[in-house]
> 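Before I ask anything, here is the structure I am working with.
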Amino acid sequence: MSITAAVGPGSSQRIGGGARTNDGDIVTGITIGLKPSAGLCLVVGAGPQLQARVEGLQVRGMSCRVVPDLDGQTGGDVALLLALDDDPRVNAVALEWGRQQGIALRYGEGCPAESTLDLLRTLDAEPRPVRKAQGASGRGEVYLIGAGPGDPELLTRRALRLLQAADVVLYDRLVAPAILALIPEHCERINVGKQRDRHPVPQDEINVRLRDLAQQGLRVARLKGGDPFIFGRGGEELDRLLDWGIPFQVVPGITAASGCAAYAGIPLTHRDHAQSCIFVTGHRRAGGVDVDFPALVRPGQTVVCYMGLHTLPALCAGMLAHGMDPLMPAALVEQGTTDRQQVIVGTVSDLPDRVAAREVHAPTLLIVGSVVTLRSRLEWFQGRPDGQGF
Ligand SMILES: C[S@@+](CC[C@H](N)C(=O)[O-])C[C@H]1O[C@@H](n2cnc3c(N)ncnc32)[C@H](O)[C@@H]1O
């Protein structure tokens, strides 16, 4: 067994099989080459991101044992301990156990934000050859790619081609696992959507990572849910790249409004119902939501609201207060275009209560307008068996 670890930038050390680190503490800031024969990887925890990480290890030839907690575990030949539970207390107990067992490589709470991902993308035994970008400039390049709302078949051909040509992919929380599965094995993946502490990687940090990777001569795919220019901060990222002289390309994606409306059977601008369609966000702000309500209640218009689940009652109340017909049809599309899609249909008056009565999972999209009535005829996509709405 051979484990090579570089601890902190610039320094590296070789750790023999099963040996402790010098200080016996959690190994942090680590880049690892770990041969598949190294021994077992014990993964402690449960949580939505766990499965993908375990698969990442298994793809690299590691044998993994996943346990929700440490009951009944012994040290055995555990070479690597990953404490990845959503609950920091579970992780703390696991890491302390690992320390007592003398497991040299331990990951979890207390490690730097990116360390677990650094680990997963560098588990290959051999260093990955760095491919140089083929752009006319000879420098790296950033591909800003829209991944669509969830169904991987909604990815465009250009998106897929560039994704498969990339050396590294930085992806957001909303990019569906089925789309991540299309990224070639040789390609590094970096999740910039959510860290262990549930906060997204700050935008400035993402910008700097894009720059640094491109300046290494890499083709960098920046993969975003939906369309990068619709509530996706794509323009901000390109602005910074432009400042730094980094070349880029943009690939549009199917935005949630188009995808969810199509899969819910709601034509957003059916000409018998709506002559315009307005996209807004339902962001919370002190004392309510940051929405131009008079603009939402115009006749002959469909309203599509992104990021409006938590502010749904305030959004509906605001539209009613500004004169919207209380019987105006409204729908909430949950996890649209995926096999978990559900659609809750009501009116702008009763939709908040209907939604409150259900267990609803983000992401969700609110559609308000008489076009919603068309769903009763045009509904075609079957999500979950219980996902038929009302
Ligand atoms: C930060 S915005 C990003 C929008 C994205 N750029 C786009 O064009 O769809 C995230 C919001 O998009 C909506 N959304 C994205 N994917 C969705 C899906 N599959 N089903 C329902 N809503 C979705 C939700 O309102 C979510 O809160």
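All ligand and atom numbering here is 1-based and tracks the order in the structure. For the single chain, residues carry numbers from 1 onward in sequence order. Atom set for the values below is all heavy atoms of this structure, side chains included, hydrogens, waters and symmetry mates excluded.
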> Return the option from A256, G234, A147, G146 holding the heavy atom at the smallest distance from atom 9 (O) of ligand 1.
A256

> For residues 212-268, which residue pairs pass the ring pair (Phe, Tyr, Trp, His ring centres under 6.0 Å) check, not counting sequence neighbours?
F231-Y306, Y263-W380, Y263-F381

> Within the structure, does T338 bring an N/O atom to less than 3.5 angstrom of an N/O atom in ligand 1?
no

> Where does L309 meet ligand 1, judged by heavy-atom distances below 4.0 Å: at the side chain, the backbone, both, or neither?
neither

> What pairs meet the salt bridge (charged side-chain N to carboxylate O under 4.0 Å, His left out) rule with one or both residues in residues 243-257, with sequence neighbours excluded?
R240-D243

> Do H361 and R340 have side chains that get closer than 4.5 Å, going by heavy atoms?
no

> With atoms numbered from 1 as shown, which atoms in ligand 1 lie under 4.0 angstrom from a non-hydrogen atom of G226?
5 (C), 7 (C), 8 (O), 9 (O)

> Do any N/O atoms on E334 end up under 3.5 angstrom from N/O atoms on ligand 1?
no

> Considering only heavy atoms, which of L174, L365, I230 lies nearest to atom 4 (C) of ligand 1?
I230

> Could you pull out, from G150, A257, G259, G336, the option with a heavy atom nearest to atom 20 (N) of ligand 1?
G336

> Side chains of Q382 and Q341: any donor to acceptor distance under 3.5 Å?
no

> Show the atoms of ligand 1 that are less than 4.0 angstrom away from any heavy atom in G225.
5 (C), 6 (N), 7 (C)

> Examine the side chains of Q342 and Q335 and answer whether a donor and an acceptor come within less than 3.5 Å of each other.
no

> Measure from atom 3 (C) of ligand 1 to every heavy atom in F231, F229, F279, Y306 and give the option owning the shortest one.
F231

